> 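I have a structure I would like to understand better, so I am pasting it below and will then ask my questions one at a time.
Please read these numbers as outputs of a predicted model, since none were measured by experiment.
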Amino acid sequence: MTDTAAVPDRGARKIGFVALTALVMGSMLGAGILSLPQNMAATSGSAAVLIAWGITLFGMLMLALVFQNLSNRKPEVEGGVYGYARAGFGDFMGFNSAWGYWMSGWVGNVSLFVVMFSALAGFKPFAFFADGNNWQSILASSVLLWLLTWTVMRGVHEAAFVNILTTIARVLPLILFVIVVILAFNVKTFSTDFWGNVKLGTVLDQVKGAMLVTVWVYIGIEGATVYSTRALNKSDIGRSTIVGFLLTSVLLVAVSVLSLGIMSQPELAGLKNPSAAGVLQHVVGPWGADLINACLVIAVGGELLAWTMLPAEIPYLGARDGVFPKMFGQVNRHQSPVNALWLTNGLIQVMLLVTLYSSAGYLALLSLATSMVLIPYLLCGGYAWLVALRGEGYPAGTMARNRDMLIGVLATGYCVWLIYAAGLKYLFLSMILYTPGIAFYWWAKWERGEKPFKGFELVLALFMAVLGVIACVMVAQGKISLN
């Protein structure tokens, strides 16, 4: 193994525009899109779904533009959500952005394993996988986990090529789904209980519930920026982010909104995930469910590959910059971050076992993963705002500076809204996962003989630790839980 401080990416093959776009799309188009009909109908009526999508598309477009602007104005800053937070707010905030994103990645992967084997249970020979969180599912998930780890250890470029193929394989069935439900769409079904029923609560409550789901399916929009160090051309980073966002958005909105014109909200809410299978079966019969279940297995396989690559890249980059312990900066002869991969996927393995005993479902895990990534997104929006405010990377007198400042402000406001929508429960649960990171940060600084905290950073670290302890007490008392 080689330390990256000595040989940073020497000899590593670079990733081009198509591979970067496929990485953006591949990290978003997976289990989430095929579970959207049930996930959104579980909390929301048609009107709330439309409002939630309107807010989400606007907010996520602002975030996509933030990543595009930062890649253009700050090409020297590498590492995506981690690099931007560190450049804007210092080492400790950069570390927390990296830690939160990393945690979101591997916790989210656990939810993908659950829904993947739940889908396989839809085929009679694999019915023993049940809901995807029994011992048979956990055993099969573990085997697949380490197969994916081996694939990425063979080289990031090779894994990116495989991701292109799996992205194509999952987009084609989705296009077929959209065409079928357009032809079968019923306006009367869509408009029945348009504003939701009493059980769903107020429209605001419905919108908040739907938005956590919509944000989850967009996690990965920053995928190209995370791999900025490996991009063939820096200009490809921003372009692939926008193209990936637009193509993915069309499919996401179509699958969730059109399904409300096929089955009623209560019927959709009662479907087993992947609920798109139930929707297509309702239109064309059993073969429709088989097609979607097969699509989901391919989709999640590709998504898991993308998310095996993304989370491990973050501690590797952090180690290179001195905010993660040095051991995470080691790479093998294929330039894959081996220690970061071992730790990341080792934690996934542990979480899979926890899932077996806690019976945590897909929605609970994705909500926790979503709450973890909100702070990194918030910091990126804030940094884009600061870059435009300071005029860094802008020619004198250019109007683009005012436009980009507005984009940064809107993206930051959107992230604040999302943290509010997630609620205190997931804020406290996320603090349980954020708190241990303080020790890793201190370890990294101690290795380099540097002072770990500067000014307000010590106060922030203590505040996070207190919230983490309070959250642990609340979990022990049964006041909050993952389920």
> Does any part of the side chain of L70, heavy atoms only, come nearer than 4.5 Å to the side chain of V77, both counted from C-beta?
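In short, these two side chains do not touch, never coming nearer than 4.5 Å.
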> Are V66 and Y377 side-chain neighbours, meaning at least one heavy-atom pair lies under 4.5 Å?
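Counting from C-beta outward, V66 and Y377 never come under 4.5 Å.
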> Check for me whether the distance between the ring centres of Y414 and W417 falls short of 6.0 Å.
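No.
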> For the backbone of M93 and the side chain of S97, can you confirm whether one donor and one acceptor N or O come within less than 3.5 Å of each other?
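A pair under 3.5 Å: no.
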> Show your working on side-chain contact (heavy atoms from CB on, under 4.5 Å) between L148 and L144 and close with a plain yes or no.
CA-CA 6 Å; L148 289 168; L144 178 58; 4.2 Å; yes
> Can you tell which of W442, F95, Y82 makes a ring-ring contact (aromatic ring centres under 6.0 Å, His included) with F324?
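Testing F324 for a ring-ring contact (aromatic ring centres under 6.0 Å, His included) against W442, F95, Y82 leaves exactly one candidate, F95.
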> Does some side-chain heavy atom of V253 sit less than 4.5 Å from a side-chain heavy atom of L57?
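When only atoms from C-beta onward are counted, V253 and L57 do touch, with a gap below 4.5 Å.
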> Who are the salt bridge (charged side-chain N to carboxylate O under 4.0 Å, His left out) partners of R401, not counting sequence neighbours?
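Not a single residue meets the salt bridge (charged side-chain N to carboxylate O under 4.0 Å, His left out) criterion with R401.
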> Tell me if a side-chain donor or acceptor on T248 pairs with a main-chain N or O of M25 at a distance below 3.5 Å.
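No; zero donor-acceptor contacts below 3.5 Å.
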> Is any side-chain heavy atom of F245 less than 4.5 Å from a side-chain heavy atom of F67?
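Not in contact.
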> Are W443 and W446 an aromatic pair, judged by ring center distance below 6.0 Å?
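Aromatic pair excluded; centres sit 6.0 Å or further apart.
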> Testing the basics here: between L386 and G88, what is the closest heavy-atom pair and its distance to 0.1 Å?
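Looking at all heavy atoms of both residues, the shortest contact is CD1-O, 4.2 Å.
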> Is V331 close to V338 at the side-chain level, that is, under 4.5 Å between some pair of heavy atoms?
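Side chain of V338 against side chain of V331, heavy atoms only: no contact under 4.5 Å found.
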> If you define the side chain from C-beta out and look only at heavy atoms, does anything of L61 sit under 4.5 Å from L65?
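Yes, their side chains come closer than 4.5 Å.
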> Which heavy-atom pair separates N345 from T149 by the least distance, and what is that distance?
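For N345 and T149, the tightest heavy-atom pair comes out as ND2-OG1, 2.7 Å.
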> For residues L174 and L34, report the shortest heavy-atom separation together with the two atoms involved.
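Heavy-atom minimum between the residues: CD2-CD2, 3.6 Å.
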> Taking M372's backbone N and O only, do any of them form a donor-acceptor pair with S430's side chain (distance below 3.5 Å, no angle check)?
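Not confirmed, S430 side chain does not pair with M372 backbone.
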> Could you tell me whether a side-chain N or O of R448 sits under 3.5 Å from a main-chain N or O of A444, the two making a donor and an acceptor?
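Looks like yes, one N/O pair under 3.5 Å.
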> Side chains of F117 and I138: closer than 4.5 Å at any heavy-atom pair?
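They are not in contact (no side-chain heavy atoms under 4.5 Å apart), so the answer is no.
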> How far apart are the C-alpha atoms of I33 and L251, what are their side-chain angles, what is the distance that settles it, and do they pass the side-chain contact (heavy atoms from CB on, under 4.5 Å) test?
CA-CA 8 Å; I33 188 170; L251 292 171; 3.9 Å; yes
> Looking at side-chain heavy atoms only, is the closest gap between W102 and L343 below 4.5 Å?
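Of all side-chain heavy-atom pairs linking L343 with W102, at least one is under 4.5 Å.
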> Looking at every heavy atom in both A388 and D404, which two are closest together, and how far apart are they?
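Heavy atoms of A388 and D404 come nearest at CB-C, 4.0 Å.
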> Apply side-chain contact (heavy atoms from CB on, under 4.5 Å) to N339 and M327, showing your working.
CA-CA 7 Å; N339 286 347; M327 61 178 289; 4.0 Å; yes
> I'd like to know if the side chain of S104 and the backbone of G100 have a donor-acceptor N/O pair within less than 3.5 Å.
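Pair absent, no side-chain N/O of S104 close to backbone of G100.
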> For S137, is there any backbone N or O sitting under 3.5 Å from a side-chain donor or acceptor partner on N134?
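Present.
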> In sequence, state the C-alpha distance, the side-chain angles, and the governing distance for S249 and Y218, and then conclude on side-chain hydrogen bond (donor to acceptor under 3.5 Å, both in side chains).
CA-CA 9 Å; S249 295; Y218 274 111; 2.6 Å; yes
> Are the side chain of T435 and the backbone N or O of I432 linked by a donor-acceptor pair below 3.5 Å?
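Not at all, since once roles are kept as given, no pair shorter than 3.5 Å links the two residues.
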> Nearest heavy-atom pair of T412 and G381: which atoms, and what distance?
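Heavy atoms only, the tightest pair is OG1-C, 3.1 Å.
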> With a 3.5 Å cut-off and sequence neighbours excluded, list the donor-acceptor pairs that the side chains of residues 450-474 form with protein atoms.
| residue | atom | partner | partner atom | Å |
| --- | --- | --- | --- | --- |
| E450 | OE1 | K445 | NZ | 2.9 |
| E457 | OE1 | K454 | N | 2.9 |

